[in-house]
Amino acid sequence: MPELPDVEVSKQYLDATSLHQRIVEVEVLAPEMLKDMSVKELKQVLEGDAFESSRRHGKYLFINLRNGHFLVLHFGMTGFLTYFKNMEKEPPHERLLIAFSNGYHLAYDCQRKLGQVALAEDVAAFVEERKLGTDAMEIDVDSFKRALSVTRASIKSALMDQKRIAGIGNIYSDEILFQAGVHPQKKASQLDESSVEKLFRAMKEVLSSAVECRADPERFPKDYLIPHRRVDKICPKCGGDIETAKVSGRTAYFCPNCQGSHQ
DNA sequence: AGTACCACCTGACGGC
DNA sequence: TGCCGTCAGGTGGTAC
């Protein structure tokens with residue numbers, strides 16, 4: 001599932017399974033998910049070629065073909081990749097099915113069809129065209145401060161704004177704010193410098209440990225909020241009750257005791 | 001110009 | 001059991 005850590009895990013999965021094999025057939029089960037291209041065009045670019053390497057920017061995965069094109073995957077809220085040989089292992093909501101010459105298949109499954117499948121010639125140009133910010137794993141502290149300083153929005157909205165910083169969504173913004181002890185409804189511009197630096201460190205630490213844990217909440221450190229949201233709703237740091245609030249249309253989970261006020 | 005909100009799509013869950 | 005409303009880890013377009 002598809003914030004930065006989930007997409008990074010998908011990238012590692014793709015790299016471990018699907019590179020350097022001839023693509024013999026591409027089936028498009030949901031043509032409406034193709035962005036700015038036809039089924040025919042996608043098949044022409046992929047079939048007979050092979051994936052050579054991949055890159056991730058924010059929540060997007062760019063898969064480099066030998067012919068120089070990139071297959072671009074975005075996972076929406078429900079997308080994932082799966083590699084299998086036995087067709088009984090076919091996932092339930094396949095939108096793209098790629099058959100390799102070794103008899104294995106790579107499926108892109110996306111139940112809610114909120115993801116996207118695209119082609120690109122150049123990653124930097126794609127990022128520029130979509131106006132995506134610097135990747136959250138790559139950004140340095142000064143750019144982070146700049147990205148958050150010029151907005152009237154809440155800090156949670158600003159962290160989730162892909163044009164400021166790419167890769168953070170609803171779940172991980174909550175975790176980052178929780179680890180930094182910052183209230184989600186606090187105005188981004190009202191944070192003092194030490195809070196912003198704390199957020200920066202929390203962002204790096206949360207994202208890298210989530211990737212190490214293969215984005216599986218069951219493996220997360222004991223004091224992480226994610227495994228407790230919607231489950232027992234108990235704060236893993238102070239034992240108090242987790243609260244929720246709507247922040248620009250999304251549900252924020254936070255601990256009012258550990259994360260102070262939004263004033 | 002910048003921010004908030006709805007639509008897009010499908011399925012799961014709880015209440016009646 | 002069945003129907004309905006609500007909600008879900010995202011984002012583009014549109015309305016303020």
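What you see is a predicted model, and the numbers here were worked out from it, not measured in a lab. Numbered from 1 within each chain, the chains take letters A, B, ... in sequence-line order. Because only heavy atoms are used, hydrogens play no part in the values below, and waters and symmetry mates are left out as well, while side chains stay in.
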Inset, instruction - Would you mind checking if R146(A) and D142(A) are paired as a salt bridge, meaning a charged N to carboxylate O distance below 4.0 Å? - result: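 R146(A) and D142(A): not salt-bridged.
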
Inset, instruction - Before accepting this row, confirm whether a basic side-chain N of the pair E212(A)/R219(A) lies closer than 4.0 Å to the acidic partner's carboxylate O. - result: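 Salt bridge between E212(A) and R219(A), a charged N being under 4.0 Å from a carboxylate O: no.
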
Rounded interatomic separation in angstrom, taking [atom1] from [X] and [atom2] from [N]:
X       : N       : atom1 : atom2 : value
D36(A)  : dG12(C) : CG    : P     : 12 Å
M160(A) : dG9(C)  : CE    : P     : 10 Å
L4(A)   : dT11(C) : CG    : P     : 11 Å
L159(A) : dT3(B)  : CG    : P     : 14 Å
D161(A) : dG12(C) : CG    : P     : 11 Å
Y60(A)  : dG10(C) : OH    : C1'   : 9 Å
Y253(A) : dG9(C)  : OH    : C1'   : 11 Å
D109(A) : dT10(B) : CG    : P     : 13 Å

When hydrophobic residues are tied together by side-chain contacts of less than 4.5 Å, even through go-betweens, does [X] share a cluster with [Y]?
X       : Y      : answer
F70(A)  : L14(A) : no
L71(A)  : Y83(A) : yes
Y108(A) : V45(A) : yes

Protein-nucleic acid N or O pairs under 3.5 Å, nucleotides 7-9 of chain B:
unit_1	atom_1	unit_2	atom_2	d
dC9(B)	O2	R112(A)	O	3.3
dC9(B)	O2	R112(A)	NE	3.1
dC9(B)	N3	R112(A)	NH2	3.3

Inset, instruction - State which residue, out of R164(A), R56(A), K59(A), fulfils the salt bridge (Lys or Arg N to Asp or Glu O under 4.0 Å) condition with D135(A). - result: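 With D135(A) as partner, salt bridge (Lys or Arg N to Asp or Glu O under 4.0 Å) holds for just one option, R56(A).
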
Please confirm whether the shortest side-chain N or O distance from [X] to OP1 or OP2 of [N] is below 4.0 Å.
X       : N       : answer
T151(A) : dT3(B)  : yes
K131(A) : dT11(C) : no
R164(A) : dT3(B)  : yes
H74(A)  : dT11(C) : yes

Legend entry - S154(A) and K186(A) side chains, donor-acceptor separation under 3.5 Å: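 No, no side-chain donor-acceptor contact under 3.5 Å.
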
Inset, instruction - Answer with yes or no whether the side chains of Y104(A) and T17(A) bring together a donor and an acceptor at under 3.5 Å. - result: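 Judged by distance alone, the side chains do not pair up.
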
Please state the [atom1] separation for the pair [N] and [M] - nearest whole angstrom.
N      : M       : atom1 : value
dT6(C) : dC6(B)  : C1'   : 16 Å
dC9(B) : dT14(C) : P     : 16 Å
dC7(C) : dC5(B)  : P     : 15 Å

Inset, instruction - For R230(A) and for K35(A), locate the closest nucleotide of DNA chain C by heavy-atom distance; then report the residue assigned to the nucleotide nearer the 5' terminus. - result: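 Final value for this comparison: R230(A).
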
Inset, instruction - For R250(A), report the nucleic acid contact type (base, sugar-phosphate, nothing); a contact means any heavy atom under 4.0 Å. - result: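 Contact class for R250(A): base.
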
Inset, instruction - Could you check D49(A) against R66(A) for salt bridge (charged side-chain N to carboxylate O under 4.0 Å, His left out), going step by step and ending with a plain yes or no? - result: CA-CA 6 Å; D49(A) 214 274; R66(A) 198 172 290 161; 5.2 Å; no

Inset, instruction - Map every base of DNA chain C to its dot-bracket character, where paired means a Watson-Crick or G-U wobble contact with both distances under 3.5 Å and | marks a partner outside the strand. - result: .|||||||.|||||||

Legend entry - Residue S248(A), side-chain atoms from C-beta onward, closest of dA8(C), dG12(C), dA4(B):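 Among dA8(C), dG12(C), dA4(B), the one nearest the side chain of S248(A) is dA4(B).
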
Legend entry - Minimum-distance nucleotide (side-chain atoms of K59(A) versus dT11(C), dG9(C), dT3(B)):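 Nearest listed nucleotide: dT11(C).
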
Check residues 111-123 of chain A and write down every donor-acceptor pair under 3.5 Å in which the side-chain atom is one partner and the other belongs to a residue at least two apart or another chain.
unit_1	atom_1	unit_2	atom_2	d
K113(A)	NZ	E32(A)	OE2	2.6
Q116(A)	OE1	R130(A)	NH1	3.1
Q116(A)	OE1	R130(A)	NH2	3.3
D122(A)	OD2	A124(A)	N	3.3
D122(A)	OD2	A125(A)	N	2.8

